[in-house]
Amino acid sequence: MAVVRDFGLLVGREGTIDGETAVWLRFYDREGNLVLLPEEAAQQRAEQAEQLAEQERQRAERLAAQLRAMGVDPDSV
């Protein structure tokens, strides 16, 4: 990787973009983290949203089970 001092970016290469494997010029921040392409950033946000939704589903299931154990129908509250 080479440092582009004016922008504070590192330049490197990655292997696959849009399903095509090749040598691609990519940028990294000062900490060495890949600067995501817009499509990659959108995919990452979608994955994070799905993980959060799954955590919330699990939490709701646990709370419903606790209510049932207390004799309360979770659908009636």
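This structure is a prediction, so every number in the text was calculated from the model and none was measured.
With contacts defined as side-chain heavy-atom distances shorter than 4.5 Å, the pair Val77/Leu67 qualifies.
For CZ of Arg59, the number of neighbouring non-hydrogen atoms (other residues, nucleotides, ligands) closer than 6.0 Å is 12 at most.
Partner of Gln43 under the side-chain contact (heavy atoms from CB on, under 4.5 Å) criterion, out of Glu40, Arg45, Glu47: Glu47 alone.
Note: Arg68 CZ to Asp73 CG = 7.5 Å, rounded to the nearest 0.5 Å. The CD atom of Gln44 sits 12.0 Å away from atom CG of Leu37, with the distance rounded to the nearest 0.5 Å.
Neither Leu63 nor Val72 shares a network with the other; the hydrophobic side chains, linked directly or stepwise wherever heavy atoms of I, L, V, M, F, W or Y lie under 4.5 Å apart, form separate groups for each.
Side-chain contact check for Gln58 and Glu54: at least one donor-acceptor pair (N or O, by modelled atom type) lies under 3.5 Å.
Residues passing the side chain to side chain contact (heavy atoms under 4.5 Å, CB included) test with Ala60, sequence neighbours excluded: none.
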